J.: 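Below: one structure in structure tokens.
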Amino acid sequence: MEKAEGKMNSMLGAICGDILGSTYEFGNEDKEISLMHEEDHMTDDSVLTCAIAEWVMKYGNVSALGEGEQKYLLAKILFNYTTRYEDKAYGVRYVDWYFDYEKTGKVPDPPNSMGNGCAMRVSPIAYGYKTLREVEKFAQIQAEVTHNNPEGIRGACAIAAATKMALDGKNKKEIKDYISSKYFYDLSQNIENVRMKDGDFSAICPVTVPQAFIAFFEGEDYESTILNSIVIGGDCDTVAAMAGSIAYAYYKKIPDYLLKHCFSCMDEKIKKLCRSFCDEYLTLL
């Protein structure tokens with residue numbers, strides 16, 4: 001796309017999904033399901049996706065850094081972004097981790113969390129590394145900083161792997177077969193199978209990661225993927241962020257009208273980071 005906004009899509013699949021799903025996050029059963037509302041906003045999903053993007057740009061390919069150093073540097077970036085955007089609805093265990101860090105000044109041990117926070121933020125890693133193996137490796141590293149539970153790690157690696165495969169031109173069957181066989185998610189279901197009942201809410205990877213995959217597999221473009229995520233209900237802004245990251249990598253396009261709306265919901269720091277990330281990794285598109 002020729003517009004400046006369009007050229008920044010490389011990390012906007014997740015961020016736009018988050019923004020477009022934000023008004024439905026805690027249940028808006030009376031609201032007509034559609035894209036774009038005046039009250040749309042960035043949530044913790046967008047903020048922490050940007051934190052991962054900054055980590056990838058600054059340290060992701062510094063070969064002299066060991067895994068422990070990588071995790072330490074990422075923890076600092078996550079802490080700084082959370083401090084700047086402290087009004088977002090972060091996960092309970094992540095908040096405990098954050099306040100422990102704030103209180104002691106030291107990076108805390110990661111909680112045994114299977115929350116979807118480590119999966120919704122992972123998409124920039126798919127653009128920062130050349131091979132699927134590298135993407136999965138660094139997806140695990142970033143997850144282990146705050147979500148040291150096998151289910152959390154599995155979810156983050158699966159979303160990153162699918163985003164990378166979509167970016168590399170794999171078709172939906174290839175992506176589904178790989179994710180099903182390596183990460184053991186049941187992706188034979190449809191939207192109706194995974195819809196949340198009214199009032200139900202879950203923010204854990206075993207529930208929401210399969211929802212994101214099914215929203216993507218049943219979508220026909222970026223817009224319909226996000227609408228599928230909203231229809232599923234529950235933690236649908238995060239489902240939309242995960243599904244949106246795969247959908248953008250697959251379709252290579254977010255409509256200009258949605259980009260314009262989503263950019264109106266961002267502050268200048270986030271816009272600047274998007275531009276920088278695009279300048280670094282646009283050649284991969």
Side-chain angles (χ1 to χ4, degrees), residues 1-25 28 31-43 45-50 52-54 56-57 85 120-124 126-128 159 162-172 212 215-232 236-285:
M1 284 187 272
E2 295 181 357
K3 293 185 178 181
E5 293 95 331
K7 291 181 180 179
M8 286 182 266
N9 278 351
S10 55
M11 62 177 288
L12 283 182
I15 296 174
C16 287
D18 171 49
I19 291 170
L20 296 170
S22 61
T23 63
Y24 297 96
E25 179 178 10
N28 263 305
K31 183 184 289 294
E32 180 182 355
I33 292 179
S34 62
L35 298 178
M36 302 198 314
H37 302 89
E38 288 186 6
E39 60 268 43
D40 287 344
H41 59 280
M42 294 192 312
T43 79
D45 302 37
S46 295
V47 171
L48 299 184
T49 295
C50 290
I52 296 297
E54 182 170 316
V56 169
M57 285 191 293
Y85 299 95
M120 54 77 167
R121 71 192 188 201
V122 76
S123 60
Y127 293 84
I159 294 295
T163 304
K164 175 62 173 172
M165 292 180 73
L167 186 64
D168 289 347
K170 302 298 183 183
N171 62 42
K172 288 188 177 183
F216 164 66
F217 289 131
E218 293 204 6
E220 297 178 353
D221 50 26
Y222 185 85
E223 297 133 294
S224 60
T225 298
I226 301 305
L227 284 169
N228 286 344
S229 303
I230 293 170
V231 166
I232 286 170
C236 53
D237 69 313
T238 299
V239 174
M242 295 186 289
S245 69
I246 307 167
Y248 171 69
Y250 188 82
Y251 296 110
K252 308 294 192 292
K253 180 178 176 62
I254 300 173
D256 287 343
Y257 80 99
L258 291 181
L259 283 170
K260 182 178 180 180
H261 171 71
C262 291
F263 265 79
S264 73
C265 300
M266 301 178 195
D267 67 15
E268 288 304 315
K269 179 178 176 63
I270 299 299
K271 292 178 185 178
K272 182 178 179 180
L273 181 71
C274 289
R275 294 187 183 97
S276 298
F277 194 85
C278 169
D279 289 343
E280 186 82 16
Y281 298 109
L282 184 62
T283 56
L284 294 178
L285 297 181

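Heads up: numbering here begins at 1 and tracks the sequence. Quick caveat, the model's predicted, so the values are computed rather than measured.
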J.: Check whether any side-chain heavy atom of Tyr257 lies under 4.5 Å from a side-chain heavy atom of Lys260, and answer yes or no.
T.: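 Counting from C-beta outward, Tyr257 and Lys260 never come under 4.5 Å.
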
J.: Evaluate the side-chain proximity of Leu20 to Glu223: yes if any heavy-atom separation is below 4.5 Å, no if none is.
T.: no

J.: Can you tell if the side chain of Glu268 reaches within under 4.5 Å of the side chain of Lys271, non-hydrogen atoms only?
T.: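 Yes; the side chains approach each other to less than 4.5 Å.
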
J.: Enter the distance from Tyr222:OH to Ile246:CD1 here, rounded to the nearest 0.5 Å.
T.: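 Between Tyr222 OH and Ile246 CD1, I get 11.0 Å after rounding to 0.5 Å.
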
J.: Can you tell me how far the CG atom of Asn228 sits from the SG atom of Cys236, to the nearest 0.5 Å?
T.: 12.0 Å

J.: Could you check if a side-chain atom of Ile15 sits within less than 4.5 angstrom of a side-chain atom of Cys274, using non-hydrogen atoms only?
T.: yes

J.: At their closest point, which heavy atom of Tyr250 faces which heavy atom of Lys170, and how far apart are they?
T.: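 Of all heavy-atom pairs spanning Tyr250 and Lys170, the closest is CE1-O, 3.4 Å.
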
J.: For the residue pair Lys172 and Phe217, what are the closest heavy atoms and their distance?
T.: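 Answer, listing the atom of Lys172 first, then Phe217: NZ-O, 3.4 Å.
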
J.: Provide the closest heavy-atom pair for Cys16 versus Ile254 in the form atom of the first, atom of the second, distance.
T.: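 So the minimum-distance heavy-atom pair works out to SG-CD1, 4.2 Å.
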
J.: Answer yes or no: is there a side-chain heavy-atom contact under 4.5 Å between Thr49 and Ile52?
T.: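 Answer no - side chains too far apart.
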
J.: Can you tell me how far OG of Ser264 sits from CD of Glu38, rounded to the nearest 0.5 angstrom?
T.: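 Spacing of CD (Glu38) from OG (Ser264) equals 10.0 Å.
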
J.: In Å, rounded to the nearest 0.5 Å, how long is the span from OG of Ser245 to CE of Met120?
T.: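 Interatomic distance, Ser245 OG to Met120 CE, rounded to 0.5 Å: 11.5 Å.
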
J.: Is there a donor-acceptor pair under 3.5 Å between the side chain of Lys164 and the backbone N or O of Ala249?
T.: no

J.: Output the distance between atom SG (Cys262) and atom CG (Asp18), rounded to the nearest 0.5 Å.
T.: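 Going from the SG atom of Cys262 to the CG atom of Asp18 covers 9.0 Å.
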
J.: Which heavy atom of Gly219 sits nearest a heavy atom of Tyr251, and at what distance?
T.: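 Nearest pair, atom of Gly219 first, then Tyr251: O-OH, 3.1 Å.
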
J.: Would you say the side-chain atoms of Ser123 pair up with the backbone N or O of Met242, donor to acceptor, closer than 3.5 Å?
T.: no

J.: Look up atom CD in Glu218 and atom CG in Leu227, then write down how far apart they are to the nearest 0.5 Å.
T.: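 Rounded to the nearest 0.5 Å, the CD-CG separation comes out at 13.0 Å.
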
J.: Are any of the side-chain heavy atoms of Asp40 and His37 separated by less than 4.5 Å?
T.: yes

J.: Flag the pair Leu167 / Tyr127 as yes when at least one side-chain heavy-atom distance between them is below 4.5 Å, and no otherwise.
T.: yes

J.: For Ile230 versus Leu35, what's the shortest heavy-atom pair and its separation?
T.: CD1-CD2, 4.1 Å

J.: Any chance you could lay out the side chain to side chain donor-acceptor pair (under 3.5 Å) test for Ser22 and Asp237, step after step, and finish with the verdict?
T.: CA-CA 5 Å; Ser22 61; Asp237 69 313; over 6 Å; no

J.: Give the minimum heavy-atom separation between Ile226 and Gly17, together with the two atoms involved.
T.: CD1-CA, 3.8 Å

